[in-house]
Amino acid sequence: MSGFIFKSVALRNICPMMEKQGFYDFTSIEKKWQQYWADHKTFRTEITDPAQPKYYVLDMFPYPSGAGLHVGHPEGYTATDIISRYKRMKGFNVLHPMGWDAFGLPAEQYAIQTGTHPAVTTAKNCDTFRTQIQSLGMSYDWDREVNTTDPDYYKWTQWIFSQIYATWYDADQKKGRPISELPIPAEVEAAGPAAVRDYRDSKRLAYYAGAQVWWCKQCQIVCANEEVLNDGSHEKCGSRDVERRFLKQWLLRIPQYAERLLEGLDSVDWPEGIKEMQRNWIGKSIGAEVDFQVQGLDATIRVFTTRPDTLFGATYMVLAPEHPLVPDITTADHQDALSAYLKQAALKSDMDRTELAKDKTGVFSGTCAINPVNGQAIPIWIADYVLMGYGTGAIMAVPAHDTRDFEFAKTFDLPVICIMEPQTDDPDLKARVLAGEACWTEDGSYIRSANPDEGLDINGLNKQDGVARTIAWLQNKNLGHGTTNYRLRDWLFSRQRYWGEPFPIIHWEDGDVTLVDEADLPLALPKLSNYQPGEGGESPLSNATDWLSVTDPATGRKGRRELNTMPQWAGSCWYYLRYMDPKNSEQGWASDIEKYWMPVDLYVGGAEHAVLHLLYSRFWHKVLYDLGHVSTDEPFQKLFNQGMILAYAYEDDAGSKVASDLVENRDGQFFHTDTGQPLKQIVAKMSKTLKNVVNPDDVVRDYGADSMRLYEMFMGPLEATKPWNTQGVEGVYRFLQKAWRLFVHEETGGMNEAVQDVEPDEATLRVLHQTIKKVGSDIETFSFNTAISQMMIFVNHMTKQKVRSKAVLKPFVLVLAPFSPHIAEELWQRLGETDTLAYTPWPVYEERLLQEKEIELAIQIRGKIKDKIVVPADTSEQDIQARALASDKVQAALNGQTPKKIIVIKSRLVNIVV
RNA sequence: GCCGGAGUGGCGGAAUUGGCAGACGCGCGGGAUUCAAAAUCCCGUCCUGGCAACAGGGUGAGGGUUCAAGUCCCUCCUCCGGCACCA
């Protein structure tokens, strides 16, 4: 069905001679203007006047995969291009760059298979992407193109890493400071240089340490926690062959910036959902640390709790299986059970992690601890529902007021002591809670929560006061203190790969670690003949023996370069800074340029980067800010997430999917071509197996880039997830043809004789000014779909006009230009203009021309429409009331009743209340 | 389970933020043009009843506030995205 349409459209372009002279020949028009923009460097951006207002529009740059562009890419790119073109016409100096996030696994895997250097594969893919993007007429300043794999680029990625390495976080000043300013405690100083070095290393924002990491057997790579999905599979390759390993790794202390990252969210204009996701990811929780004395042992267990107020209800404690005190507190008679349990827990981490979330398990250690508020002995259990990586790896369990503890207590028949009378109207629930048969986590009033001997009594208080009173008491008794915990962990920052930025680090034989001299950056990747990873999970760089070993020319000391490379996040953490000053060989960016352009005014990309990329980027930016390298605390002022583009797919009654080439459309019903059974149309992700992938190149070939751009914007709200429909492309294509024919005589190719230098009539002028107004304001609010609707209304109106005023057509061309720039430039030229319209001022609408002279009012009785009247726009309220009541239909509907009240909404309606 | 977003014709989606529900586009039906088709142009198209004028119903379900509710409030259902033993 659609194949037939494709064919006929394509035919027009192959054989234009068969057609009329003046047909809308998008192929040559688009080629012509893309050439023009390139030749004239129309979109080259410079700071010519520092007083000119700037606008920085950024797209999330793509990973240039071998598959080329898919229709999802141009969605965001078109939106930002419309904004860019519009802002230029509004007089802004617009920075609108594009580049490549080009480090990544596929090129490296290809190298392992074929021996082709990843740089070669990458360059080829970048070329494809560039050509494809250029064929869409995007107004990027291509002189600013960046590529994260270019040594001139990653020189500065390495430089930023060096900065992070040489920084510590001063908690008092709440900012990062140079490591040289770190105060060294006297006792450390006294212990010698090695101790000082260790102390410094323990404070650096980047550090090297053994870490439990996830290892993907298929990719032969370490993955960050967040790259391993809940089902235990690796996000990148989908393999479930992921296991835990202990390896030396680079980590970044991002949790130290947790509070700053949290606070910064309040100052940026981002979708609330994304902010919330980041807040959840950071996971701030306020509570207290409390020390419990272990019975019969000279040891204390420190727990973190958000509910210190429930200490009187603590009936047992739990340690994570990995807790260091576990061996010490386990008594001989419980040793076997514990060993078995630990073994089982270790096994579990290799299984699907979803399995873990089921039933609670654990073993008793044989030892008790003393509850500090009442001196009671409570058993210490070992259970894997407590995680070593959060808080202190130990908890006090209050089953009456914590659902997890409650479940555990029920499983192992541990006592449940209710210490709070719940605030509820449900008497049954209240009774069960008080009896320890149900769990209550909400507010209420304390009972059984006093120890007069120790001076603690919170009975009768509510949660807020109880927490405060208890923390004060703990602090006073030196048993604990209020504290804040974050879920955010140190960022695992190294990968065992070749195709990534080398760390500018040297490990010396004496145990010293130093940065590569800034003058020696970039530390370029060595050429390799073998891209296979090393056996023990080492990166392929272990094959580059010459490159690896270094000798200090001054001292003769021998060292080895870092084998790991940086993760793909590194290059994308700061690319928005390099765009500003991409050719600078002295600095990553010049300060005065940075001050002019930053912050990014608008950042558009997919929501899949809601947490990781955006959090990492903000973290780096804040470090750079603290060190004085950038002038803003936050990098991205406004963020917008475009929705995903899906496609239609088909499934049979059994719910199994049917590939699109096996589907037949008969009068809107779908059938299987082979079996003839009816199919249901559904919406699904584009996939090769479903054969419903739409290739942008095909769309550009058959309908042109202008139609492609227009359709992507016309589909629906930018943020919505929506299905691609090729017939919809036909619709916008027809609109462009109609617009074309307003100007051009199809037979001759000359100007349509209807286009004349005449005064427009009032109605036409009104439609024009409504269009200028609506399109402008819709662009500002990203409502591109309704802007296009309005332009369609304009074109429909003009099509009916026998005489078309140039004075009306010209502003329309300008309004159309951001959306479909090629046809707009062409029409602009045909109207006699000689220069590009890219910098022509956006037309101004006049309020007085928007007003209708006569307005139609609906007349309602109790909200139901009974009649409509047309009155002059300036009719007074009294006259409108009179006119409304004079209506025959209204009189008939009133049926003699007297109106109680008449509500007149000017230019809208009249509502008569009876 | 928790957080976030969304439910409107056959379909994608509009609705000045409380003021005529269905703009615009697709699809479909009818007509013009054509030897015929494609393309183009015009008319119609929420549902029900009626030849029609017209009448009644209608924005996931139920209730409420209001002169007036797709829009605000309460209860519930469904779908999508994220998080998930984080103490």
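Order of the sequence lines sets the chain letters (A, B, ...), proteins ahead of strands, with each chain counted from 1.
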Distances under 3.5 Å between nitrogen or oxygen atoms of protein and nucleotides 65-67 of chain B:
from: B:rC67; atom 1: O2'; to: A:Asn911; atom 2: ND2; distance (Å): 3.3
from: B:rC67; atom 1: O2; to: A:Asn911; atom 2: ND2; distance (Å): 2.7

Here the distance between atom C1' of B:rA15 and atom CG of A:Asn785, to the nearest Å, is 12 Å

Across every strand shown, the nucleotide meeting Watson-Crick or G-U wobble geometry with B:rA6 (both distances under 3.5 Å) is B:rU78

Of the candidates B:rU40, B:rA87, B:rC24, the side chain of A:Phe714 sits closest to B:rC24

Checking N1-N3 plus N6-O4 or O6-N4 for Watson-Crick, or N1-O2 and O6-N3 for wobble, each under 3.5 Å, the partner of B:rC28 is B:rG44

Legend entry - Parallel, tilted or perpendicular: ring planes of A:Phe794 versus A:Phe812, cut at 30 and 60 degrees: parallel

Regarding the side chain of A:Tyr648, the nearest nucleotide among B:rG12, B:rG57, B:rA14 is B:rG12

Paired to B:rA37 by Watson-Crick or G-U wobble criteria (both distances under 3.5 Å) is none

Side-chain atoms of A:Lys800 come closest, of B:rG13, B:rA87, B:rC42, to B:rC42

The residue among A:Phe743, A:Trp740, A:Tyr703, A:Phe735 that forms ring pair (Phe, Tyr, Trp, His ring centres under 6.0 Å) with A:Tyr24 is A:Trp740

Would you say A:Thr786 and A:Asp778 are linked by a side-chain donor-acceptor pair, where the criterion is simply a distance under 3.5 Å? yes

Across the strands shown, which category fits A:Lys738 at heavy-atom distances under 4.0 angstrom: base, sugar-phosphate, nothing? sugar-phosphate

